[in-house]
Amino acid sequence: MSGAPPDGSRPGGASVLDDLRELGRRDPGDMLGEVAGAGGQARVALRAAQAAPLVGPLPEVVVVAGMGGSGIAGDVLAALAFGVSSVPVLAVKGDRLPAFVGPGTLLLAVSYSGNTAETLTAVEQGLAAGARLVAVTSGGALAELAQSRGAPLVAVEGGRMPRAALWSLVVPVCSAAEAVGVLPPLTDEVCAAADALDEEAAALGPAVETAANPAKQAALRLLDRLPVVWGSGPIGAVAASRFRTQCNENAKVSVVSGPLPEANHNDVMGLEGGLGPGRELVLLRDEVGEHDRDGRRIQAVLKAIGAGDPVVRTAGKGPGLARLARLTAFADFASTYLGIGRGVDPTPIRTLDQVKAALATESGAPR
Ligand code: F6R
């Protein structure tokens, strides 16, 4: 890739992103189609969650165990619960659960494949400690474990890459929290999120040319740069993390991300002297979720590092899930265009698969 400014002449430039045939050729797994279908996915997931036997009582604490593209559902739930839940919600990413997990814990286990080693080990620990389990998965060992224990299971549609199943996973996880009184009634909020995803797909999808498409513009700005992604408010913070992991997996690039205002207290020092030619700042703002002073904090930090023109996307108005949907749609489209612009196939994740395979062989276990 050249370091030239984004224009139609460079290999990953607007000419590629605006050529539908070329997009199809460079995206054989149709990650763009998966992203565009997120609204429909959310509606199907709502029906699956409503059909599942999810009921109370209110737990003492909710723990969501999951990794990677599944684990982010726990971050989403924690962000939504932040302003409304009377009990703590914790997302755990790893084999071990905190010592407080016990009979008063609702353990939401989320693994798209149902075969992720860390998640399964955490579930075993939770069950041994007497936690109440709800499983969200498309199958695998997690589905078997839930069924053998008589635990509620939300079976989500299979056949996707886990990160492309975000809404299949987020909706049941949030529905399980709603069923026990941790979140307020959710149906309207999920429908609003699904509508927002459809609207974003219409605005950011492949048929919209670069000149009018902020996700394509962002991808071109990020070509050959290290993206530094900051998100404001609990929902913006989740979106920043999603932007990072989507760029990792769809575009195969490293990204730095963090929440605001925390980034003002550390990350900002990495930008002392300015962004320079090698970095690009991305701000994902959820103004509804910001503290009154966050707007001034953001202006102050932009001035201090001389970042006059960052990539900015705002979450708009409406319920939390709809605001999140606008930001994740931007992250999902921009990261996929970035991969295509870089000339990498967005869908496969060979190195990640290689690591999982090596560990499965080592332990002799299928996971
Ligand atoms: C792949 C992806 C990964 C997986 C992770 C855990 O698209 O997003 O981050 O989500 O390796 O696997 P699952 O989701 O099957 O538990």
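Every number for a ligand or one of its atoms is a count from 1 in the order of the listing.
The pair Lys356-Asp353 does not count as a salt bridge, with every side-chain nitrogen at least 4.0 angstrom from each carboxylate oxygen.
Residue Thr119 places no N or O, backbone or side chain, under 3.5 Å from any N or O of ligand 1.
Protein heavy atom nearest atom 11 (O) of ligand 1, with residue, atom name and distance: Lys356 NZ, 2.8 Å. From the protein, the heavy atom lying nearest to atom 2 (C) of ligand 1 is Glu249 OE1, 3.0 Å.
The atoms of ligand 1 that sit less than 4.0 Å from any heavy atom of Thr116 are 6 (C), 12 (O), 13 (P), 15 (O), 16 (O). Listed by atom number, the atoms of ligand 1 under 4.0 Å from Leu352 heavy atoms are 11 (O). Per-residue contacts place Gly68 under 4.0 angstrom from the following atoms of ligand 1 (heavy atoms of the residue considered): 9 (O), 10 (O). Distances below 4.0 Å separate heavy atoms of Ser70 from the following atoms of ligand 1: 10 (O), 13 (P), 14 (O), 16 (O).
The environment of Glu60 atom CD is sparse: at most 12 non-hydrogen atoms of other residues, nucleotides or ligands sit within 6.0 angstrom.
Leu108 places none of its side-chain heavy atoms less than 4.5 Å from the side chain of Val63. Taking 4.5 Å as the limit, some side-chain heavy atom of Phe100 sits within range of a side-chain heavy atom of Leu90.
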Does the side-chain hydrogen bond (donor to acceptor under 3.5 Å, both in side chains) test come out yes or no for Ser232 and Asp294, once each step is laid out?
CA-CA 8 Å; Ser232 66; Asp294 283 345; 6.0 Å; no

